[in-house]
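Structure, as structure tokens:
Both ligands and their constituent atoms are indexed starting at 1 by order of listing.
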Amino acid sequence: MTSDATFWDQTAEKYAASPIKDQAAYEHTLVETKKHLRPGDRLLEIGCGTGATALLLADAVAHITATDISANMIKIGRGKAATQQVTNVDFVQATPADPKLAAQTFDAITGFNILHLLPDLEGDLAALSERLKPGGLLISKTPCLADWKWRAIGRLAIPIMQFFGKAPYVSFLKGSDVEAHITAAGFEVIMADNHNAFSRFIVAKKT
Ligand SMILES: C[S@@+](CC[C@H](N)C(=O)[O-])C[C@H]1O[C@@H](n2cnc3c(N)ncnc32)[C@H](O)[C@@H]1O
């Protein structure tokens, strides 16, 4: 078995080179996310990968701290920011509950394709609530594998892939499970919608 950081480090180059699977859904998510951001916002992104989304959201806010568990993802993100001359995105290798984030609070937190990858989702959501200012927003999109039409195959195949280091930790959540976890962490869900067959887009406000 491989640790998740190692898995994602090994995946980073390939991930950076992979095309977006559903461009229309991706662009819809960007538009819906931007509706909830303000020019003066300081934003934290968790599980930012190689920074593609942070760099596209950079002109909608004052500053983005883009974080990821993988040093290789962060390195690629920094390179892209330099190439694109984006100066208001800082890349930091960190998990959601990392103490190195504890000194700061943010107006909004984004997390795309990440909540299903967190082994301690409850603990991480509680830590993220701590990182938000009162009334701050958590904006997420999560593949909900328990709502996926191939979930039965996934439940068999993924543990085998994990055993051989070919898949990271993944939880099989329904959209309603993600909403329940977010609510339990002290947020009010203010909008929720499916952005493709099984990806749940959720905007929640810290109460
Ligand atoms: C499926 S990719 C999504 C990347 C990007 N958000 C996107 O939508 O393209 C998941 C990312 O989450 C990161 N990740 C996985 N587990 C993590 C954890 N526990 N804490 C922080 N990042 C994590 C991985 O390194 C990877 O970059």
Side-chain angles (χ1 to χ4, degrees), residues 1-34 37 43-58 64-81 89-102 106 108-128 130-131 138-145 148 154 158 161-162 165-173 178 181 185 194-196 198-202:
M1 288 229 207
T2 314
S3 78
D4 282 345
T6 306
F7 172 85
W8 289 107
D9 272 342
Q10 290 170 347
T11 311
E13 289 288 345
K14 197 173 159 202
Y15 197 85
S18 307
I20 291 166
K21 287 195 186 87
D22 184 342
Q23 186 68 30
Y26 180 69
E27 283 172 17
H28 182 52
T29 302
L30 285 177
V31 169
E32 290 302 309
T33 299
K34 281 189 179 181
L37 301 177
L43 174 70
L44 170 67
E45 181 175 6
I46 60 163
C48 69
T50 62
T53 304
L55 296 173
L56 288 169
L57 293 177
I64 301 179
T65 301
T67 63
D68 199 280
I69 197 172
S70 157
N72 288 353
M73 295 278 190
I74 291 297
K75 189 174 161 199
I76 295 170
R78 285 189 185 131
K80 283 191 196 174
V89 180
D90 284 327
F91 286 88
V92 179
Q93 186 187 1
T95 55
D98 197 309
K100 73 174 82 145
L101 300 174
F106 299 88
I109 297 175
T110 50
F112 303 111
N113 306 307
I114 172 71
L115 296 184
H116 64 309
L117 301 173
L118 300 175
D120 181 14
L121 180 56
E122 264 176 41
D124 284 341
L125 287 172
L128 292 176
E130 294 282 307
R131 300 279 61 74
L138 174 65
I139 304 171
S140 62
K141 186 166 89 169
T142 308
C144 294
L145 299 184
W148 180 34
I158 289 173
M161 292 168 70
Q162 286 167 332
K166 301 292 181 198
Y169 172 85
V170 179
S171 58
F172 276 71
L173 297 166
V178 183
H181 279 295
N194 273 19
H195 279 194
N196 67 26
F198 63 100
S199 262
R200 195 76 175 151
F201 178 79
I202 299 172

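Rounding to the nearest 0.5 angstrom, the gap separating the OG atom in Ser171 from the CG atom in Leu115 is 8.5 Å.
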Hey, what polar pairs (N/O, under 3.5 Å) does ligand 1 make with protein?
unit_1   : atom_1 : unit_2 : atom_2 : d
ligand 1 : 6 (N)  : Gly47  : O      : 2.7
ligand 1 : 6 (N)  : Phe112 : O      : 2.8
ligand 1 : 8 (O)  : Phe112 : O      : 3.3
ligand 1 : 8 (O)  : Asn113 : ND2    : 2.8
ligand 1 : 9 (O)  : Tyr15  : OH     : 2.8
ligand 1 : 22 (N) : Ile69  : N      : 3.2
ligand 1 : 25 (O) : Asp68  : OD1    : 2.5
ligand 1 : 27 (O) : Asp68  : OD1    : 3.3
ligand 1 : 27 (O) : Asp68  : OD2    : 2.6

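For Asp90, the side chain to side chain donor-acceptor pair (under 3.5 Å) criterion is met by His63, not counting sequence neighbours.
With Arg131 contributing its side chain and Leu101 its backbone, the two residues share a donor-acceptor pair below 3.5 Å. Thr110 places no side-chain N or O within donor-acceptor distance of the main-chain N or O of Ile139, the cut-off being under 3.5 Å.
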Would you give me the side-chain donor-acceptor pairs under 3.5 Å for residues 66-76, sequence neighbours excluded?
unit_1 : atom_1 : unit_2 : atom_2 : d
Thr67  : OG1    : Glu45  : O      : 2.6
Asp68  : OD1    : Ser70  : N      : 2.9
Asp68  : OD2    : Cys48  : N      : 3.3
Asp68  : OD2    : Gly49  : N      : 2.7
Ser70  : OG     : Asp9   : OD1    : 2.6
Ser70  : OG     : Asn72  : N      : 3.3
Ser70  : OG     : Met73  : N      : 3.0
Asn72  : ND2    : Asp9   : O      : 3.0

Compile the donor-acceptor pairs under 3.5 Å between side chains in residues 17-30 and protein atoms, sequence neighbours left out, one pair per line.
unit_1 : atom_1 : unit_2 : atom_2 : d
Ser18  : OG     : Lys14  : O      : 2.7
Asp22  : OD1    : Ala24  : N      : 3.4
Asp22  : OD1    : Ala25  : N      : 3.1
Gln23  : NE2    : Glu27  : OE2    : 2.7
Tyr26  : OH     : Thr53  : OG1    : 2.7
Thr29  : OG1    : Ala25  : O      : 3.0
Thr29  : OG1    : Lys141 : NZ     : 2.9
Thr29  : OG1    : His195 : ND1    : 2.8

